[in-house]
Each structure stands twice: as C-alpha cells, then as structure tokens.
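Quick note on labels: first sequence line is chain A, next is B, and so on, each numbered from 1.
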Number of protein chains: 2
Amino acid sequence: MNRTDYIQAAEAHCERRGCKLTALRRQVLELVLRHQGVVKAYQVLADLQKERGIAAPPTVYRALDFLVEQGLLHRVDALNGFVVCDHFECQHESMILVCETCGKVQEVDVMAALAGLHDVADAADFTLSRQNLTLTGLCKACRI
Amino acid sequence: MNRTDYIQAAEAHCERRGCKLTALRRQVLELVLRHQGVVKAYQVLADLQKERGIAAPPTVYRALDFLVEQGLLHRVDALNGFVVCDHFECQHESMILVCETCGKVQEVDVMAALAGLHDVADAADFTLSRQNLTLTGLCKACRI
DNA sequence: GTCGTGATGTTATACAGTAACATTCGCCAT
DNA sequence: ATGGCGAATGTTACTGTATAACATCACGAC
Ligand SMILES: [Zn+2]
Ligand SMILES: [Zn+2]
Ligand SMILES: [Zn+2]
Ligand SMILES: [Zn+2]
C-alpha cells in the first residue's frame, strides 16, 4: 500500500471509528510515513517545524497519541518511538522486533503465539489487555 | 527471602560474577527494595539524597545500570522504571505484568510460553535475545 | 447570533538520561 | 611506604522526553 492509499484508508478508518483525521493529524501521519522504522516525537516535531514554521511539543504529542489510539501507529516503549502499523484494520496484537545492532524494526502478527502468554498470565490471576510486545534480538543481516 | 538475606545473596551473586556490590550500589539496591513494585530513578535519587545529602543523577543511573546488568533488577521500559528480580540466580527470561489500574507489578517465569514467540521470530528471520517482556492488563483485585 | 465541544496554540515546567571531566579509592608492584 | 593504575564515584552541565495549564479557534446545534 503506497502512502496516498494508506492515508485514505486511515481517514476512512477514523471515520468508521467516529473521529476525524484532521489536517494536522494527517500531516503528522505523513511525516511518520516518510521515515522507515521507528520515529521519535522530537524528530516529527522538527519535521513539522520545517513545514509550518513554529510548532510546540504538545502539538506533536497530541497528534501521535491520537494516531496510536486509532491503531495507526504503535508506540515502541523501549525506544521512546513510534512505528506505522500497516494492518490497522484488523484487531491484532503485535510483536515488534527491534534489531539490537542496526535498529531496524519490523512488526509481525502473533495472535496464536500469544495464547501461551495469556495462559501464563491467567495462572497468575492476571487478565492481559491487548498487547504490543517489543522484543529485541538480531535481524537476518546483522546475525552474520 | 527478607531484605537482609536478599542483599547477602546479591553480594555473593556479584562476587561469583567477578564484580563488587559496593557500598553505594548496595545502598541503591536497598532503596529499591524498600518500595514494592516499580521504582523510578528519580525517586531513588530523592531517597538517596535524604540519606546522604547531595547526590546527582549519574550516581543513581550508574548504580541502577550495574544492578540491571547483574540481573538484580529488571528495567520496565513501559514505565521508565525498575523492579527487583527475586530469582536472579537462575538464567531466566521474565514476563512482567503491570496492572493498568493500580500499577501493581509482578514477575512470572515464562520460559516455556516464550517458545511460541521464538518460533514466530524465527519465521521472520529474527533471532531473539534474552527477553524481559512487559505486558499490561488487570490484576485480580482490579478486575472486579 | 451564541453556546458548547473538540482541536489546536502557547508557555512553562517536570521528568528522564547522558557527556565529559575531576576526584577519590583500593590494590599491586616496586 | 609510595607511586602508579584502573575502577568507582563526584560534579557540572546539558540533551532529550513528556505533560500541565490555560488561551484561542473552528464549527455545528440550537
Ligand atoms: Zn500493528
Ligand atoms: Zn540488524
Ligand atoms: Zn527476574
Ligand atoms: Zn490492579
């Protein structure tokens, strides 16, 4: 899915969920899409300032929070960053793999594999909510 | 295991690993032990300042980094915090459950359940390193 | 119109983490 | 003992991350 299609799908997605992908939010989403992999809030802020003059942290954080809320982005706690989710339509739980060496990030679907973790949590009297796991390791290129 | 025993075991653990649980590091570990659940670096810093007058962030961060390195603490990315590990002797991978409502934290062992995640990662040409997963949900008390 | 609500702007500040360099401590070889 | 070395700690200053609080704006409902 190219960027334009993605934005359109995202807009429809928000519509269906009863909220709006406003101009600002779309602009932030576009800025995130332009990078590959993880993007930091202050990088987005800098990009936004290039495009529209001044902008302050809350502007960016509010837009990013909204996009995470809608499932368009995932937050990667381990890196204080954000990645685009490209299958936001399906109700999925994600597993984000971060390469310790090159920093490359990829998201894989993982519903089935999480069943085991849910069992473990249940055994500890704990009800898991929807997860966005972040796991670290080595990607194919860096493993050599 | 009570606090005193824990500290002693921790000291022996470091010894075996060829490094030292110095007075400062022990003091920081004790400060972390006094809280239950997740502790933040700046909370530890404040506590430390109460005990010994002045102290600066690097002092605390260096000690915390050391303790994490030795496996005595786990870092909880999602909360920018640290939790005590009470089975640092065994080479384990951990799953830390964080209650979204009350903030309570518990660690459960999870070696077996992780096998499924390793399979998924393998399928994506990704080699996982040792994991400290953080999962969110609701604890027994908050589920009602 | 004007009112209410959600979005955005603005300012200021709190919280988290690190670089760089100075100083001290503990230990060992001389 | 004493000088020298490496590890640990102290100190200063800074960068990066995130939010509180309040002001203003846009827009549809009435
Ligand atoms: Zn996703
Ligand atoms: Zn890599
Ligand atoms: Zn542990
Ligand atoms: Zn709870």
Rounded to whole Å, the NZ-P distance (A:Lys20 to C:dT5) equals 17 Å
How is B:Lys40 classified with respect to the nucleic acid when contacts are heavy atoms under 4.0 Å: base, sugar-phosphate, or nothing? sugar-phosphate
Length of the CZ-P vector between B:Arg62 and C:dA20, whole Å: 14 Å
Can you tell me how the ring of B:Phe88 sits relative to the ring of B:Tyr6, calling it parallel under 30°, perpendicular over 60° and tilted otherwise? perpendicular
Do A:Arg75 and A:Glu69 sit within salt-bridge range, that is, some charged N less than 4.0 Å from a carboxylate O? no
Give A:Arg26 one of three labels, base, sugar-phosphate or nothing, depending on what nucleic acid heavy atoms sit under 4.0 Å from its own. nothing
Select from A:Ala56 and A:Ala23 the residue whose nearest nucleotide in DNA chain C is closer to the 5' end of that strand. A:Ala23
Counting only side-chain N and O atoms of A:Asn80, is one of them less than 4.0 Å from OP1 or OP2 of D:dA18? yes
Expressed as a whole number of angstroms, how long is the span from B:Leu24:CG to D:dT9:P? 5 Å
Is there a side-chain contact between B:Glu30 and B:Arg26, using heavy atoms and a 4.5 Å cut-off? yes
Is B:Arg143 salt-bridged to A:Asp125, going by a charged N under 4.0 Å from an acidic O? yes
B:Phe66 CZ to D:dA7 C1', straight-line distance once rounded to whole Å: 12 Å
Considering every strand and a 4.0 Å limit on heavy-atom distances, what is the contact class for B:Thr22: base, sugar-phosphate, or nothing? sugar-phosphate
Taking only N and O in the side chain of B:Tyr42, is any of them less than 4.0 Å away from OP1 or OP2 of C:dA16? no
Answer with base, sugar-phosphate or nothing: what part of the nucleic acid does B:Arg25 contact at a heavy-atom distance below 4.0 Å? sugar-phosphate
Which whole-number value in Å describes the distance from B:Gln70 CD to D:dA7 P? 15 Å
5' precedence on DNA chain D between B:Ala55 and A:Gln43 (nearest-nucleotide basis): B:Ala55
In whole Å, what is the span from the OH atom of A:Tyr61 to the P atom of C:dT11? 19 Å
Rounding to an integer number of Å, can you tell me how far B:Leu48 CG sits from D:dA8 P? 18 Å
Report yes if at least one side-chain N or O of A:Arg75 is closer than 4.0 Å to OP1 or OP2 of D:dA18; otherwise report no. yes
Side-chain N or O of A:Thr59 closer than 4.0 Å to phosphate OP1/OP2 of C:dG9: yes
In whole angstrom, give the distance that lies between atom CG of B:Asp65 and atom P of D:dA7. 17 Å
Closest heavy-atom pair, B:His74 versus B:Ile96, reported as atoms and distance to 0.1 Å, is CB-CD1, 3.8 Å
